[in-house]
Amino acid sequence: MNPADLKYTKEHEWIRVSGKRAIIGITDYAQKELGDVVFVDLPSPGQEVVKGDDFAVVESVKAVSDVYAPISGIIVEVNDNLQDSPELLNSDPYNDGWIAVIEMRDPSELAELMTNEEYEAFIKGA
Amino acid sequence: MSELKRTPLFAEHLALNAKMIPFGGWEMPVQYSAILQEHRSVREQAGLFDLSHMGEFFVSGPGAYDYLQRLLTNNLAKLLPGKAQYNLLCNEAGGVIDDLIVYCYDQERYLVVVNAANIGKDWEWFTKHLPSSGVTLTDRSAETALLAVQGPKSEEILRPLCSEDPAQLKFYSFVEGTVAGRPAMISATGYTGERGFELYIDAADAGYLWQELLQAGRESGLVPVGLGARDTLRLEMAYPLYGQELSEDITPWEAGLGWTVKLDKGDFIGKEALVAKKEAGLTRSLVGFKMIGRGVCRHGYEILNDDAAVIGSVTSGSFSPTLEENIGLGYVTLPYTEPGTRIWVKIREKLVEAQVVALPFVQPYTKRA
């Protein structure tokens, strides 16, 4: 169910790496737990984040949820489509529902993230 | 923490894969499919709600009328047999202990329906003020289940199942009869702003009737609806929710519920304080507002004026599925209560612009052309 080429966090973010760039989003499990997403508070490009920082907020009808940086670096791009279409997080969490791109400062941090199989096992135990 | 209570329909909710949450001491379904979809189903077709967590007190005997007239703010003299009345239970200081619905069978028999989270304190208040004779008070909350069918299709769904024609029931009227052969008190009331019915039934019949209703309503688009959409539906109507818009620290005048307080009906608990507060004048009032800037306001967020001074706080806030805008209710001090006034809501340390608007946000079915 979760794409095999991504890395995952215990806070239910995914990360897709290409070179120094890491695209970040929330997982299918996370969007189902949140329910209908009605607002995404996006960071500003240029903002520096340290792994574990809350850098975005996703709000569903009932819940407010922080999104944590899975990796340290600089935010170089955000998904502005989410301003008018926050529901993309529900309908397509792994593609059109991406949240931000971080230019990684230390790609060795990637080793601490979960593989697809590890994440599947993690949410089964959740 | 004490165990969460469960309604007789708990197994039905699990079978439907509902997401369960704690609410007022109960484990209740917040959604079955998705809140927005459930909300729209109620506005456009119909929804089925389990409200069995609500409390049901029966008041009977020759002293029933006088007893309730002294306990409640609205005038029971206006409540005829077969009718329901929205009412408030106030303390001596004029604060609201609970908001509730009173059903009149006759002058010696009433049903009082109270909020689930307040059953304990309401019961204490009701028993504390019980006269030594002439009134029998019975808590039938555990034996009573409550189902609501709400939405424009609710009449056509219920008609073939009911012993009485639901189309004949006016808003805030009720009748005793049967639904799918089981005894039911059928009431044209609700918390959604849509044409709809509430069915008071035996807890033992709840599972059977839940299934019968879902099956009978399938072709009309009836879906089960959880507390999530119940909250967005009532918010669009600006119906107060106890614990948010109402509390013992808030008077009916401030809450915009002055129409439920009948000072000319004779003495009742809280009257003196309510008269004094009315004469002193309002310092704050409940208002509705729409977010102009981007952001969802939530319960507890501060409300500020143009000078960034705090003038109140948000009691309820959400995305409105009907308006597709972010709306909220909150208490603000005068003079910031007029529609059109610019206010600011503090969302995660940022001030986001909002505007006071007239209520309700969405017109109820009784007011639509």
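Note that the structure is predicted; figures quoted are calculated from it, not measured. First the proteins, then the strands, lettered A, B, ... as listed; each starts at 1.
Atom-to-atom distance recorded for B:Ile311:CD1 and B:Ile303:CD1 is 6.5 Å, nearest 0.5 angstrom.
Heavy atoms closer than 4.5 Å to chain B are found in the side chain of A:Val57, but not in its backbone.
Of all heavy-atom pairs spanning B:Leu286 and B:Ala255, the tightest one is CD2-O, 3.9 Å.
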Checking B:Lys153 against B:Glu194 for the salt bridge (charged side-chain N to carboxylate O under 4.0 Å, His left out) test, could you report, in this order, the C-alpha distance in whole Å, the side-chain angles of both residues, the deciding distance, and whether it holds?
CA-CA 10 Å; B:Lys153 300 279 177 69; B:Glu194 295 303 322; over 6 Å; no

Would A:Val49 and A:Ile75 count as a side chain to side chain contact (heavy atoms under 4.5 Å, CB included) if you check the C-alpha gap in whole Å, the side-chain angles of each, and the deciding distance to 0.1 Å?
CA-CA 7 Å; A:Val49 292; A:Ile75 291 168; 3.7 Å; yes

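Taking the side chain as every heavy atom from C-beta outward, B:Leu323 and B:Val362 approach each other to under 4.5 Å.
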Distance-only donor-acceptor screen, chain B against chain A, under 3.5 angstrom:
residue, atom, partner, partner atom, Å
B:Lys19, NZ, A:Lys32, O, 3.0
B:Lys19, NZ, A:Glu33, O, 2.6
B:Ile35, N, A:Asp36, OD2, 3.1
B:Leu36, N, A:Asp36, OD2, 2.8
B:Arg294, NE, A:Gln83, OE1, 3.2
B:Arg294, NH1, A:Gln83, O, 3.2
B:Arg294, NH2, A:Val40, O, 3.4
B:Arg298, NE, A:Glu59, OE1, 2.9
B:Arg298, NH1, A:Val61, O, 2.9
B:Arg298, NH2, A:Glu59, OE1, 2.7
B:Arg298, NH2, A:Ser60, O, 2.8
B:Arg348, NE, A:Asp41, OD2, 3.4
B:Arg348, NH1, A:Glu59, OE2, 3.0
B:Arg348, NH2, A:Asp41, OD2, 3.1
B:Arg348, NH2, A:Glu59, OE2, 3.0
B:Lys350, NZ, A:Asp41, OD1, 3.4

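Ion pairing between a basic and an acidic side chain is recognised when a charged N comes within 4.0 Å of a carboxylate O; B:Lys5 and B:Glu27 show no such pairing.
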